[in-house]
S.K.: 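Below you'll find the structure I mean.
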There are 2 protein chains.
Amino acid sequence: MASAGMTIGDAAARTQCTPATIRYYEEIGLLRPVGRGANGRRAYGHPEIHRLRFIRRCRDLNFPIDDIRSLLDVMDARAPSCLSARDLTLQHLETVRARRIELEALERTLKTMAATCTDACVARPASQCALIVDLAT
Amino acid sequence: MASAGMTIGDAAARTQCTPATIRYYEEIGLLRPVGRGANGRRAYGHPEIHRLRFIRRCRDLNFPIDDIRSLLDVMDARAPSCLSARDLTLQHLETVRARRIELEALERTLKTMAATCTDACVARPASQCALIVDLAT
DNA sequence: GCTTGCTCCTCAAGCTACTTGAGGAGCTAC
DNA sequence: GTAGCTCCTCAAGTAGCTTGAGGAGCAAGC
């Protein structure tokens with residue numbers, strides 16, 4: 001029961017996924033359809049848990065599903081070498097870096113903008129607030 | 001033609017939106033339905049361009065559509081004061097900041113991970129690559 | 001043996017903010 | 001007149017799930 005015939009709920013608890021997410025991963029083919037008990041319920045074992053943890057970790061790292069398919073291929077040794085995994089990681093890193101830089105700029109802009117809405121605004125119509133005027137630029 | 005009866009294409013060019021996006025904004029009610037010419041085509045004027053620029057700027061700043069509705073209420077002076085706009089901006093700033101910090105952590109993790117896949121990996125099966133093992137953790 | 005409450009099942013739709021495509025028509029220039 | 005652009009509407013697709021409906025099993029307590 002600890003491993004051979006875990007329910008989807010047990011598997012979810014061990015992998016920080018929800019049951020719905022696990023079914024979804026099965027549906028899109030990240031997880032092969034698992035065996036069913038006599039009652040028609042899915043039964044999970046160690047290999048599935050391992051695979052789910054891998055997927056979950058990748059998602060936590062923000063890898064898109066398609067990247068995860070490729071990373072799983074490496075884990076399953078279906079890929080010729082692990083270089084593809086490193087390449088994917090580096091590409092993904094670049095995406096994250098670019099987005100981080102965008103957000104930094106955004107943060108500065110928003111900070112500046114928020115500061116332009118001051119007590120002076122209260123005396124004037126809302127539509128003349130410097131913040132609103134700025135947004136219309 | 002310069003202002004009174006701009007086509008959707010003209011409006012798009014002046015606001016960095018696409019025609020499809022403008023139609024979408026109309027559909028979801030950010031933009032009131034605009035007048036049509038005899039041929040059934042939408043005709044845009046200055047107020048619509050102004051509004052579109054406002055919306056576009058907000059989207060560039062990553063404000064969600066629902067926030068933009070509220071910000072438009074302020075611009076239209078339908079809101080009691082501009083304080084709601086400042087609050088929205090500060091809340092959004094906090095969201096951006098939180099996400100930026102997440103991405104920084106992600107960046108560090110990915111950088112470290114990528115570095116673990118080295119020349120040594122080539123000699124071993126791909127599934128034993130330190131990067132892959134790390135992902136399975 | 002029955003009820004209560006949890007979990008499980010499937011299938012469909014909803015979320016965000018658009019984009020893409022099909023199918024059809026008008027407008028402009030040569 | 002015709003080629004090539006833009007415009008129209010409506011429907012579906014994108015990413016990665018989540019939520020809900022409708023129905024059934026299972027385990028514990030009475």
Side-chain angles (χ1 to χ4, degrees), chain A residues 1 5-31 33-44 48 51-52 54-72 88 91-92 95-96 99 102 106, chain B residues 1 5-31 33-44 48 51-52 54-72 88 91-92 95-96 99 102 106:
Chain A
M1 215 151 293
M6 266 180 283
T7 66
I8 199 170
D10 292 339
R14 281 165 198 249
T15 59
Q16 322 273 49
C17 297
T18 67
T21 302
I22 297 179
R23 286 187 205 107
Y24 171 71
Y25 288 155
E26 183 185 308
E27 189 190 327
I28 63 171
L30 281 192
L31 222 53
V34 79
R36 305 283 183 123
N39 47 20
R41 299 186 175 191
R42 292 169 179 84
Y44 294 86
E48 287 81 19
R51 198 176 184 81
L52 271 171
F54 183 94
I55 296 169
R56 177 71 211 189
R57 182 88 206 286
C58 292
R59 287 299 301 134
D60 285 345
L61 293 171
N62 243 337
F63 276 104
I65 297 280
D66 272 354
D67 283 9
I68 301 181
R69 283 183 211 281
S70 307
L71 292 170
L72 283 168
L88 269 180
Q91 272 172 40
H92 181 48
T95 306
V96 169
R99 184 65 184 149
E102 273 180 29
L106 216 53
Chain B
M1 217 153 294
M6 265 179 286
T7 65
I8 199 170
D10 294 338
R14 282 165 197 248
T15 60
Q16 323 271 51
C17 297
T18 68
T21 303
I22 297 179
R23 287 187 205 106
Y24 171 70
Y25 287 155
E26 182 185 308
E27 188 191 326
I28 63 169
L30 281 192
L31 222 53
V34 79
R36 305 283 184 123
N39 47 18
R41 298 185 176 193
R42 293 171 179 83
Y44 295 86
E48 287 81 19
R51 197 176 184 81
L52 270 171
F54 183 94
I55 295 169
R56 179 71 211 187
R57 180 89 207 287
C58 291
R59 288 297 301 133
D60 284 346
L61 293 171
N62 242 337
F63 276 104
I65 297 281
D66 271 354
D67 282 9
I68 301 182
R69 283 183 211 282
S70 306
L71 293 170
L72 283 168
L88 268 181
Q91 274 171 39
H92 181 47
T95 305
V96 170
R99 184 67 184 148
E102 273 180 29
L106 216 53

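Quick note on labels: first sequence line is chain A, next is B, and so on, each numbered from 1.
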S.K.: What contact category does A:Ile28 fall into here, base, sugar-phosphate, or nothing, at under 4.0 angstrom with non-hydrogen atoms?
M.R.: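 Since no nucleic acid heavy atom lies under 4.0 Å of A:Ile28, the category is nothing.
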S.K.: Quick check: does any side chain N or O of A:Arg51 sit under 3.5 Å from a backbone N or O of A:Leu30, one acting as donor and the other as acceptor?
M.R.: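 The answer is yes, because a donor-acceptor pair under 3.5 Å joins these two groups.
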S.K.: Please give, in whole Å, the distance from D:dG16 C1' to A:Glu27 CD?
M.R.: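 Going from CD in A:Glu27 over to C1' in D:dG16 covers 11 Å.
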S.K.: Decide yes or no for B:Gln16 and B:Leu52: does some side-chain heavy atom of the first lie under 4.5 Å from some side-chain heavy atom of the second?
M.R.: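 A side-chain contact under 4.5 Å is absent here.
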S.K.: Can you check the B:Arg69 CZ to C:dT16 C1' distance for me, whole Å?
M.R.: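 That distance rounds to 12 Å.
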S.K.: Between A:Arg36 and C:dT10, does any side-chain N or O lie under 4.0 Å from OP1 or OP2?
M.R.: yes
S.K.: Want to settle it: does B:Ala20 or B:Asn62 sit nearer the 5' end of DNA chain C, counting the closest nucleotide to each?
M.R.: B:Asn62
S.K.: Whole-Å distance between D:dC17 P and A:Asp60 CG?
M.R.: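 Atom-to-atom, A:Asp60 to D:dC17, this comes out as 10 Å.
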S.K.: If I take atom CG in residue A:Asp10 and atom P in nucleotide C:dT7, what distance separates them, rounded to the nearest angstrom?
M.R.: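 In whole Å, C:dT7 P lies 10 Å from A:Asp10 CG.
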S.K.: Of all residues at least two apart in sequence or in a different chain, which pass the side-chain contact (heavy atoms from CB on, under 4.5 Å) check with A:Thr7?
M.R.: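 By the side-chain contact (heavy atoms from CB on, under 4.5 Å) rule, A:Thr7 matches A:Asp10.
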S.K.: Starting at atom OH of B:Tyr44, determine the distance to atom C1' of D:dC8, rounded to an integer number of angstrom.
M.R.: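 These atoms are roughly 12 Å apart.
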S.K.: For B:Arg56, enumerate each residue passing the salt bridge (Lys or Arg N to Asp or Glu O under 4.0 Å) test, keeping only those at least two apart in sequence or located in another chain.
M.R.: B:Asp60
S.K.: Does B:Tyr25 have a side-chain nitrogen or oxygen under 4.0 Å from the phosphate oxygens OP1 or OP2 of C:dC18?
M.R.: yes
S.K.: Starting from P on C:dT16, measure out to CG on B:Asp67 and report it in whole angstrom.
M.R.: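 B:Asp67 atom CG is separated from C:dT16 atom P by 12 Å.
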S.K.: Can you tell me if the side-chain N/O atoms of B:Thr21 get under 4.0 Å from OP1 or OP2 in C:dT19?
M.R.: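 Yes, within the criterion.
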S.K.: A:Arg59 has a side chain; which of C:dC18, D:dC17, D:dC26 sits nearest to it?
M.R.: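 So the side chain of A:Arg59 is nearest to D:dC17.
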S.K.: Taking only side-chain nitrogens and oxygens of A:Tyr24, does any of them come within less than 4.0 Å of OP1 or OP2 of D:dA15?
M.R.: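 So the side chain of A:Tyr24 is outside the cut-off, no N or O lying under 4.0 Å from OP1 or OP2 of D:dA15.
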S.K.: Could you check how far CG of A:Asp66 sits from P of D:dG16, rounded to whole Å?
M.R.: 7 Å
S.K.: Go through D:dG16, C:dT20, D:dC8 for me and flag the one nearest to the B:Arg42 side chain.
M.R.: D:dC8
S.K.: Using atom types as modelled and distance alone, determine if a side-chain donor or acceptor of B:His92 lies under 3.5 Å from a backbone N or O of B:Leu61.
M.R.: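 Pair found, side chain donor or acceptor close to backbone of B:Leu61.
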S.K.: Please tell me which of the listed nucleotides, D:dC7, D:dG16, C:dA17, lies nearest to the side chain of B:Ile65?
M.R.: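 Nucleotide nearest to B:Ile65's side chain: C:dA17.
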S.K.: Side-chain N or O of B:Arg41 versus OP1/OP2 of C:dG26: is the shortest distance under 4.0 Å?
M.R.: no
S.K.: Starting from P on C:dC18, measure out to CD1 on B:Ile68 and report it in whole angstrom.
M.R.: 7 Å
S.K.: Determine: side-chain N/O of A:Arg23 to OP1/OP2 of D:dT19, distance under 4.0 Å, yes or no.
M.R.: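 Looking at the OP1 and OP2 atoms of D:dT19, neither is under 4.0 Å from any side-chain N or O of A:Arg23.
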S.K.: Run the salt-bridge test on A:Glu102 and A:Arg99 with the 4.0 Å N-O cut-off and return the result as yes or no.
M.R.: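 Salt bridge: yes.
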S.K.: Between B:Thr18 and C:dT19, is there a side-chain N or O to OP1/OP2 distance below 4.0 Å?
M.R.: yes
S.K.: Please figure out whether B:Gly9 or A:Phe63 has its closest DNA chain D nucleotide nearer the 5' end.
M.R.: B:Gly9
